[in-house]
2 protein chains.
Amino acid sequence: MNDCLFQLISLSWLLTSLMESRKQQPTGAAFLLAQLGAHAADRFGERIKRLRLAPRHAGILRIIAKIPSCNQRTLAKRLGVLPSRMVILIDELVGKGLVERKRSTTDRRHSVLILTRRGRAMLEKLSKLAAEHEADLCAGLTAEERNTLAALGRKIVHQQGLTPDVHPGYRKL
Amino acid sequence: MNDCLFQLISLSWLLTSLMESRKQQPTGAAFLLAQLGAHAADRFGERIKRLRLAPRHAGILRIIAKIPSCNQRTLAKRLGVLPSRMVILIDELVGKGLVERKRSTTDRRHSVLILTRRGRAMLEKLSKLAAEHEADLCAGLTAEERNTLAALGRKIVHQQGLTPDVHPGYRKL
DNA sequence: TATTGTTATACTCTATAACTATA
DNA sequence: TATAGTTATAGAGTATAACAATA
């Protein structure tokens, strides 16, 4: 078990403890979010193992597909990963034949990252698995409940200053 | 940034992508849960830094306080940590003067773990910070919305087979 | 001089196996 | 022999600094 999940579990325990010790209503929204977040990440990781892909690769493929003529520096900044780590991650994707580095002709310092045909096919498979993941995770909720949950979640995201497209909150770890 | 948070972010990106590409309603409940879970763990970690305590220590203190005459093996099993790792974690807490090992008189193989007075005081401080954490995280919601969110969260937890007191889902990482 | 990609390196966390002391 | 705790060690993931090529 990695440290982050352990952290989430610790958090869960502590918040449960808090609820008990203060005799409050057992809302525990923070606890539930931490627990479910860890669970969601865990299950997603398990799900994409069949593609022989680690979770960290998934987001990279997505961004390369979205940003045209994306270079490693841009990608690293976007994900909050160090450039030195980015090299290794891209190496792994290149090794799998999903991504190619192409030296920019205008500025030969840049490596333009492009998806191979296999990379695009992989992204399509990932998309299907993500849909399954979403469906499975929310299988216990009606469509209306799902919308309510999402609306409340977005409310917290907004109030906490989190923006889905940028994730600035995770950068300063 | 550690790999787990990166994983959560990757998941976020992917699910966002999915929503866009399939022109679905942007519910993205799984995305939101992963994002908020990572955010909650992050913020909690930041919050307890002032106590010079790492998040991984918090849950351990909690369990030692809850389970009487708890030994390391039990603790390790409960948290899903390897016994060898548990030794180091307990060493850290002993070094901070929060926990003491006491050889069991009935079976001298066991180390009974007990909180020191400083350990109990630390747990009380942690409890206060956890309360602040919960309040801050849900600051954007009314009391009723908080209850709704928690109810929906519990519904997922139940349907997914997660039990807050055991966390069996995280064990097999 | 500044920037992109890269390598080298150290540090932490995780995982496995082997050791000790008890039973 | 079996179990609790411990040690040693190898492997990942993360962070920092330094380097070569290019601008």
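To find a chain, count down the sequence lines: A is the first, B the second, and so on, and within it residues start at 1.
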Next item on the list: Report the residues that fulfil salt bridge (charged side-chain N to carboxylate O under 4.0 Å, His left out) with B:Glu92, sequence neighbours left out, ordered by chain and then residue number.
Entry: B:Arg56
Next item on the list: Round to the nearest Å and state the distance from B:Leu82 atom CG to D:dA4 atom C1'.
Entry: 15 Å
Margin query: Run the side-chain contact (heavy atoms from CB on, under 4.5 Å) test against B:Arg118 and tell me which residues pass, sequence neighbours left out.
Written below: B:Leu98, B:Thr116
Next item on the list: Using the side chain to side chain contact (heavy atoms under 4.5 Å, CB included) rule, pick out the option among B:Asn71, B:Leu61, B:Ile90, B:Leu93 that qualifies with B:Leu113.
Entry: B:Ile90
Notebook entry, point to check: For B:Lys155, which residues count as a salt bridge (charged side-chain N to carboxylate O under 4.0 Å, His left out) partner, sequence neighbours excluded?
Noted result: A:Glu145
Item checked: For B:Thr105, side-chain contact (heavy atoms from CB on, under 4.5 Å) partners two or more places apart -> none
Checklist line | Spacing of B:Leu79 atom CG relative to C:dC13 atom C1', expressed in whole Å | finding: 15 Å
Checklist line | Whole angstrom value for the distance that separates P of D:dT6 from CE of B:Met86 | finding: 11 Å
Could you list, one pair per line, each protein nitrogen or oxygen that sits under 3.5 Å from a nitrogen or oxygen of nucleotides 4-9 of chain C, together with the distance?
| unit_1 | atom_1 | unit_2 | atom_2 | d |
| --- | --- | --- | --- | --- |
| C:dT4 | O3' | A:Arg109 | O | 3.4 |
| C:dG5 | OP1 | A:Gln72 | N | 3.3 |
| C:dG5 | OP1 | A:Ser111 | N | 3.0 |
| C:dG5 | OP1 | A:Ser111 | O | 3.4 |
| C:dG5 | OP2 | A:Arg73 | N | 2.7 |
| C:dG5 | N7 | A:Arg73 | NH1 | 2.9 |
| C:dT6 | OP2 | A:Gln72 | OE1 | 2.8 |
| C:dT6 | OP2 | A:Gln72 | NE2 | 3.2 |
| C:dT6 | OP2 | A:Arg101 | NE | 3.2 |
| C:dT6 | OP2 | A:Arg101 | NH2 | 3.2 |

Check: Residues two or more places apart in sequence or in another chain: which of them pass side-chain contact (heavy atoms from CB on, under 4.5 Å) with B:Asp136?
Finding: B:Arg47
Sort me out a list of protein N/O and nucleotides 18-20 of chain C N/O pairs below 3.5 Å, or just none if empty.
none

Note to self: According to side chain to side chain donor-acceptor pair (under 3.5 Å), who are the partners of B:Ser104, at least two apart in sequence or on a separate chain?
What the structure shows: B:Thr106
Check: Separation of B:Lys77 atom NZ from D:dG5 atom P, in whole Å?
Finding: 12 Å
Check: By salt bridge (charged side-chain N to carboxylate O under 4.0 Å, His left out), which residues pair with B:Arg109, not counting sequence neighbours?
Finding: B:Asp107
